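Written below as C-alpha cells is the structure these notes are about.
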Amino acid sequence: MEQQKVDMFLMTSGKFFEGYQLGAIKEKLTKLDDAKLLQLQSVNLKDPIIMLIVSLLGGHFGIDRFVLGEVGLGVAKLLTCGGFGIWTIVDWFLIMGRTREMNMQNIQQAMY
Amino acid sequence: MTRKNLYIFSLVLSVAGYALIAWDVIDSRHGPTVCLFKTVIDLPCPSCGTTRSIAALAAGDVYQAMAINPFGVMSAFALIVIPLWIAADVLRKKDTFYHSYLAVERHVARKPWLSFLAVLIVVANWLWNVSKAL
C-alpha cells in the first residue's frame with residue numbers, strides 16, 4: 001500500500017488504537033495490497049470516547065459490553081446489577097482500553 | 001477473553017452472588033443495596049429484586065420468586081449450573097464451558113433480532129420493576 005494512503009488511514013483511524021499498536025499497524029499496512037484498503041475502511045471500529053460515554057450512562061446495565069460484542073459479559077453485568085455496583089465503576093476506567101483492544105482484534109481479522 | 005480469565009471471573013461473580021444471598025437470608029434487614037442505580041436515582045433497575053427472588057426460590061416459593069423478579073430464577077439457574085460446569089471442566093481438563101460461551105456470543109452476534117428481543121424483555125421487566133416499586 002502506498003505510504004500516503006497508510007498515513008491517511010492512520011491519521012483518520014489512529015484514535016481507535018493504542019499508541020504502541022500504531023507502529024505495528026503501519027508496518028502491516030505498507031505490506032498490504034491496495035485492494036484491502038476498502039475492506040479495512042469498512043471495519044466497524046468503535047470510538048473509545050463514545051464507549052466511555054456509553055459506559056458512564058448505561059454501564060450499569062452492561063450496555064457497554066453488549067456494544068463491544070461481549071454478550072456474555074453484558075448479560076452477567078446486567079443480571080448482577082452492574083457487578084454489584086463495583087464492576088460498573090471499574091469499567092469506567094477499563095472500557096477505553098478494552099475498546100482499543102477490540103478494534104485491534106477486528107482490524108487484524110480484516111488484514112489477514 | 002481467555003479460558004482462565006473467564007473461569008476465574010465467573011467463579012468470583014458466583015461466589016459474590018452466593019455471599020449476597022446468604023447475607024439476605026441471614027440478616028433480617030435483607031442485606032445491603034448493592035445496586036448503584038437504585039442508590040443514586042432511587043428507582044429500581046431491571047435486575048433489582050434478584051436476591052429477594054432467589055431467597056424466595058430457596059424457600060420453595062416459585063410463584064413469589066417469579067413475581068418479585070423473573071431474572072432471579074434465571075440467575076439462580078446460572079448460579080447452580082455455571083460453578084458445577086466449571087468444576088467439571090477443571091476436573092476433566094476440558095474447556096466445554098469456554099467453547100459454549102464463545103459459540104453463544106458468535107450466535108447472538110449473527111442474529112440481531114435476538115438482541116432486539118432481549119432488549120424488549122429487559123425493558124418490559126424494568127417497567128414492571130418500577131411499577132412494583134422494588
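Here the structure is a predicted model, which means the values were calculated and not measured. Lettering follows sequence order; numbering is per chain, from 1.
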field: Atom CD of Q3(A): over 12 foreign heavy atoms under 6.0 Å
entry: yes
More than 12 heavy atoms of other groups within 6.0 Å of F77(B) CZ: no
If I measure from the heavy atoms of chain A, does [X] come under 4.5 Å with its side chain, its backbone, both, or neither?
{"X": "V104(B)", "answer": "neither"}
{"X": "V119(B)", "answer": "neither"}
{"X": "M74(B)", "answer": "side chain"}
{"X": "A109(B)", "answer": "neither"}

field: R98(A) and D64(A) ion-paired at < 4.0 Å
entry: no
task: Could you verify whether a donor N or O on one side chain and an acceptor N or O on the other, from W87(A) and T80(A), lie under 3.5 Å apart?
output: no
field: Side-chain donor-acceptor pair present, N125(B), N69(B), cut-off under 3.5 Å
entry: yes
- prompt: What part of E70(A) gets closer than 4.5 Å to chain B, counting heavy atoms only: side chain, backbone, both or neither?
  reply: both
field: Interface moiety of I89(A) toward chain B, non-hydrogen atoms closer than 4.5 Å
entry: side chain
message: Is the shortest side-chain heavy-atom distance between I50(A) and V67(A) below 4.5 Å?
response: no
message: For the backbone of Y98(B) and the side chain of Y7(B), can you confirm whether one donor and one acceptor N or O come within less than 3.5 Å of each other?
response: yes
query: Short question: side chain of T50(B), backbone of G72(B) - any donor-acceptor pair under 3.5 Å?
result: no
message: Determine whether the aromatic ring centres of residues F61(A) and F37(B) are separated by less than 6.0 angstrom.
response: yes
message: For residues 11-24 of chain A, give me every residue with a non-hydrogen atom less than 4.5 Å from any non-hydrogen atom of chain B.
response: none
